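Along the sequence shown, residues are numbered consecutively beginning with 1. Bear in mind the structure is a predicted one, so any value in this text is a computation, not a measurement.
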Amino acid sequence: MKFEPVPCHELLRPFIRNYWVLEATCTAPGTQRVYSNGAVSLHFYLSLPVHLDDDEREYRTSLNRHDLTVMDVHTAKGEFNIFGVEFVPFGTRAFWNISQFKSQHITPHDLQDNEFIALEQMILNAKSTDERRQLMDAFFCNRIEEKIAGGVNMHRMEDVFESISENDHTADMAANACLSNKQFTRVFNEYVGINPKSYQRLVRFHKAMMLIREGNDALTDIAYDCGYTDLAHMTKDIQQLCGKTPTELIAMGSQLTETFQGKFSQLMKKKIEVDNLV
């Protein structure tokens with residue numbers, strides 16, 4: 001399995017962490033489980049279409065909301081190649097209004113976005129990663145100019161995510177954004193797609209996952225360090241967010257990969273549970 005981050009155009013860096021390429025072979029039909037990091041992702045499935053979660057339709061391209069649920073990518077036997085885009089948590093708002101998304105997985109045709117539909121075909125037909133990178137840069141840079149993404153609320157969100165920690169509460173983040181709690185919750189939902197309390201839950205979850213994988217501390221100590229009331233609370237929360245207990249995560253070892261270290265938080269790495277990929 002080969003994973004390779006691909007840098008985006010410098011104008012896009014406030015909104016996009018990076019592009020990336022995954023090249024692998026699926027030795028048998030399997031399910032790749034993606035744990036939420038609170039940020040939208042865009043996937044182009046270059047080799048074979050996939051099924052997502054319990055959706056019966058096949059996807060070649062999907063904009064995926066990652067809120068408090070895992071994302072299951074069901075893969076067939078054979079080549080499994082993806083070109084992806086990893087946004088910062090509020091970055092998608094520069095290109096699409098995610099508050100209008102009606103489901104977890106959106107295609108270009110769902111949005112009736114002709115430019116996006118055309119981009120999909122060009123990405124799927126492109127011959128190299130560099131060609132795909134250039135196509136993505138052109139598409140996104142053009143959208144920034146059209147939508148004038150650098151508005152005051154975008155800057156407020158950037159300030160919030162530059163300093164966010166697992167101990168912040170909605171009131172702390174609202175004060176940082178110079179907004180009332182009610183105003184901040186509305187803007188946060190509009191730009192990120194989930195409410196501040198849910199995002200903070202993900203921050204605690206990711207810190208706990210990081211410490212569990214490092215294996216230097218007892219689980220009880222990790223629970224208190226991450227702001228949980230006790231080990232039972234942490235275990236229940238982790239199980240709800242990823243379907244595994246802390247002990248089961250430790251046993252998984254290298255089957256759980258970590259990619260996409262966050263620009264705005266060292267905690268929010270995307271975690272993928274790999275099944276039958278080499």
Participant: Any ion pair linking K207 and D225 (charged N to carboxylate O, less than 4.0 Å)?
Facilitator: yes

Participant: Return yes if some donor-acceptor pair links the side-chain N/O of D137 with the main-chain N/O of H9 below 3.5 Å, else return no.
Facilitator: yes

Participant: State plainly whether the residues R93 and E190 are in salt-bridge range, i.e. N to O under 4.0 Å.
Facilitator: yes

Participant: One thing to verify: whether R156 and D159 come together as a salt bridge, which I'm taking to mean a side-chain N less than 4.0 angstrom from a carboxylate O.
Facilitator: no

Participant: Does the side chain of D67 come within less than 4.5 Å of T69's, by heavy atoms?
Facilitator: yes

Participant: Which of parallel (below 30°), tilted (30 to 60°) and perpendicular (above 60°) describes F3 and W20?
Facilitator: tilted

Participant: Under the side-chain hydrogen bond (donor to acceptor under 3.5 Å, both in side chains) test, which residues partner H109, sequence neighbours left out?
Facilitator: none

Participant: Does the N189 side chain pair with the main chain of T185, one donor and one acceptor, at a distance under 3.5 Å?
Facilitator: yes

Participant: Check for me whether the distance between the ring centres of F95 and F140 falls short of 6.0 Å.
Facilitator: yes

Participant: Indicate the ring-plane relationship of F116 and F44, choosing parallel, tilted or perpendicular according to the 30° and 60° boundaries.
Facilitator: perpendicular

Participant: May I ask you to check whether R33 and Y35 show a side-chain donor-acceptor distance below 3.5 Å?
Facilitator: no

Participant: Give the ring-plane orientation class for Y199 versus F161, where under 30° counts as parallel, over 60° as perpendicular and anything between as tilted.
Facilitator: perpendicular

Participant: To the nearest 0.5 Å, what is the distance between CG on D53 and NE2 on H74?
Facilitator: 6.0 Å

Participant: Might you confirm whether atom NE2 of H233 has over 12 heavy atoms from other residues, nucleotides or ligands at distances under 6.0 Å?
Facilitator: yes

Participant: Excluding sequence neighbours, so at least two apart, what forms salt bridge (charged side-chain N to carboxylate O under 4.0 Å, His left out) with E58?
Facilitator: none

Participant: Once you measure the plane-to-plane angle for F83 and Y19, does it fall in the parallel (<30°), tilted (30-60°) or perpendicular (>60°) bin?
Facilitator: tilted

Participant: Within a reach of under 6.0 Å around CG of D130, are more than 12 heavy atoms found that belong to other residues, nucleotides or ligands?
Facilitator: yes

Participant: Are more than 12 heavy atoms from other residues, nucleotides or ligands located less than 6.0 Å from atom CD of Q112?
Facilitator: no

Participant: Evaluate the criterion side-chain contact (heavy atoms from CB on, under 4.5 Å) for residue pair E120 and I123; output intermediate values, then yes/no.
Facilitator: CA-CA 5 Å; E120 175 186 37; I123 292 294; 6.0 Å; no

Participant: Describe, in one word, how the ring planes of F139 and W96 are oriented to each other, choosing from parallel (under 30°), tilted (30 to 60°) and perpendicular (over 60°).
Facilitator: tilted

Participant: With rounding to the nearest 0.5 Å, note down the distance linking CG in N195 to OG1 in T170.
Facilitator: 7.5 Å

Participant: Please name all residues satisfying salt bridge (charged side-chain N to carboxylate O under 4.0 Å, His left out) with D275, sequence neighbours left out, ordered by chain then number.
Facilitator: none

